[in-house]
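As structure tokens, the structure follows; a few thoughts come after it.
All figures in this text were calculated on a predicted structure; none of them were measured in a lab.
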Amino acid sequence: MALALATQHYFDEANHIVFLTGAGVSTASGIPDFRSANGLYTKNQRAEYYLSHRYFAADPDGFYQYCKENLYFPDAKPNVIHEKQAAFTQQDRATVITQNIDNLYEEAHTKHLIDFHGNLYHVYCEKCGQSVDWHEYLKSRIHQTDGGPLRPDIVLYDEGIKAADIQNSVRAMQEADLVVIVGTSMKVYPFAGLLDYRNPSAPVIAVNQQKLSFGFPFTMIQADAVKYFDDLQVNGEE
């Protein structure tokens, strides 16, 4: 039996799906997650400090090296999870709100996308504000035009989420008629707090390798999200 068969009707009937996604979506694309047994944070207990604005300001060269060596996977490609979710957004029936900073949703041509924690491949100069190609950043952290420091447009620890991203995320949750949690423990705030703003009449489905627990009714699919989305049909598909 197809893994997604029991929940297919929710997707067929929904017009305002919100996908809340995390690192588990991109592991199938070869990008390691952060908090699993082999994750970045597990292997290096100081990882959160190395990804903080405090460290960025104190040791910009060290921050730059850490990012280049641990966060960038430019050869990674979108997998079926990205592609199926993107297909729903292309029908104007879904919004993706992701914690991921790896640019794979952009590569999958996701139409309605909120990069809640920013995007590694959007780089800008702190001196002049100009956007800079990420290839240039991987060669040097200094802007060749004016000598200003370059940085990826990601939300570091001890930095706030962009107000527009919070507002747009809350609005999407309030308007949702289906909420689908994929590849995330939903324990990192403020992202996890978005569930507090969900439309209370919207069904919630969680697709995750580890079992999740919430204080409201939801459908738990404890399985490989790749298999689930491989089976899932998008309206209009043959």
Side-chain angles (χ1 to χ4, degrees), residues 19-53 55-56 59-87 89 96-111 113-125 131-143 149-157 159 161 165 181-185 187-188 191 207-210 224-230:
F19 293 103
L20 296 172
T21 74
V25 170
S26 294
T27 52
S29 295
I31 297 178
D33 65 9
F34 289 92
R35 300 177 190 280
S36 71
N38 294 313
L40 185 63
Y41 292 178
T42 309
K43 291 189 293 185
N44 190 328
Q45 295 183 351
R46 301 200 73 199
E48 288 192 7
Y49 172 65
Y50 292 142
L51 294 175
S52 70
H53 187 269
Y55 182 61
F56 172 76
D59 185 357
D61 288 324
F63 173 86
Y64 175 64
Q65 289 300 322
Y66 190 81
C67 279
K68 282 210 308 179
E69 293 170 6
N70 293 281
L71 299 184
Y72 281 90
F73 295 86
D75 295 330
K77 301 298 180 186
N79 61 58
V80 68
I81 309 172
H82 300 101
E83 291 165 353
K84 285 288 179 73
Q85 292 177 5
T89 70
V96 174
I97 308 174
T98 187
Q99 300 168 86
N100 297 341
I101 56 177
D102 53 36
N103 202 51
L104 293 184
Y105 277 112
E106 282 81 356
E107 288 197 25
H109 306 294
T110 307
K111 185 175 179 182
L113 174 65
I114 299 172
D115 285 318
F116 202 75
H117 292 156
N119 187 316
L120 280 168
Y121 295 82
H122 298 165
V123 177
Y124 67 95
C125 174
S131 294
V132 176
D133 188 278
W134 63 268
H135 295 90
E136 182 177 330
Y137 176 65
L138 292 186
K139 294 176 183 176
S140 171
R141 71 170 192 85
I142 301 300
H143 192 192
L150 301 177
R151 64 161 287 182
D153 190 12
I154 57 175
V155 180
L156 302 176
Y157 288 96
E159 287 185 326
I161 307 296
D165 288 339
I181 299 164
V182 188
T184 174
S185 64
K187 292 180 179 178
V188 175
F191 185 83
V207 185
N208 201 53
Q209 293 275 27
Q210 294 182 322
D224 183 354
V226 168
K227 175 60 176 169
Y228 180 86
F229 279 89
D230 198 38

Side chain proximity check, Val123 to Asp133, heavy atoms < 4.5 angstrom:
no
State the CD1-CD distance between Ile114 and Gln99, to the nearest 0.5 angstrom.
13.0 Å
Does any part of the side chain of Tyr157, heavy atoms only, come nearer than 4.5 Å to the side chain of His53, both counted from C-beta?
no
Could you tell me whether a side-chain N or O of Tyr72 sits under 3.5 Å from a main-chain N or O of Asp102, the two making a donor and an acceptor?
no
Could you verify whether a donor N or O on one side chain and an acceptor N or O on the other, from Thr21 and Tyr105, lie under 3.5 Å apart?
yes
Where Phe63 and Tyr137 come nearest, the two heavy atoms and their spacing:
CE2-OH, 4.2 Å
Determine whether Val155 and Asp165 make a side-chain contact, defined as any pair of heavy atoms from C-beta on separated by less than 4.5 Å.
no
Please indicate whether Lys139 has more than 12 foreign heavy atoms, meaning atoms of other residues, nucleotides or ligands, lying under 6.0 Å from its NZ.
no
Determine the minimum heavy-atom distance between Ala28 and Asn79, stating which atoms define it.
CB-ND2, 3.6 Å
Should we say atom NE2 of His109 is surrounded by more than 12 heavy atoms from elsewhere, each under 6.0 Å from it?
no
Whether Asn100 side chain and Ala23 backbone form a donor-acceptor pair below 3.5 Å:
yes
With a 4.5 Å heavy-atom cut-off, do Lys77 and His82 have their side chains touching?
no
At what distance, to the nearest 0.5 angstrom, does CD of Glu159 lie from CZ of Phe56?
8.0 Å
So if I apply the side-chain contact (heavy atoms from CB on, under 4.5 Å) rule between Phe116 and each of Ile101, Ile97, Leu20, Val188, which one comes out positive?
Ile97
When rounded to the nearest 0.5 angstrom, what distance separates NZ in Lys68 from CG in Leu120?
13.5 Å
May I ask you to test the Ile181-Asn208 pair for a side-chain heavy-atom distance under 4.5 Å?
no
Would you say that Tyr121 contacts Pro74 through its side chain, given a criterion of any heavy-atom pair below 4.5 Å between the two side chains?
yes
What distance separates Thr27 OG1 from Asp224 CG, expressed to the nearest 0.5 Å?
8.0 Å
When rounded to the nearest 0.5 Å, the distance separating CD of Glu107 from OG of Ser29 is 9.0 Å
Taking side chain as C-beta onward, heavy atoms only, is Glu106 less than 4.5 Å from Leu113?
yes
For Tyr55, does its backbone N or O pair with a side-chain atom of Ser52 as donor and acceptor, under 3.5 Å?
yes
For residues Pro32 and Phe73, determine if any side-chain heavy atom of one lies less than 4.5 Å from a side-chain heavy atom of the other.
yes
Taking the side chain from Asp153 and the backbone from Asn119, do they hold a donor-acceptor pair closer than 3.5 Å?
no
How far does OH of Tyr228 sit from CD1 of Ile81, to the nearest 0.5 angstrom?
11.5 Å
Is Ser140 reaching over with its side chain to a backbone N or O of Ile142, donor-acceptor style, under 3.5 angstrom?
yes
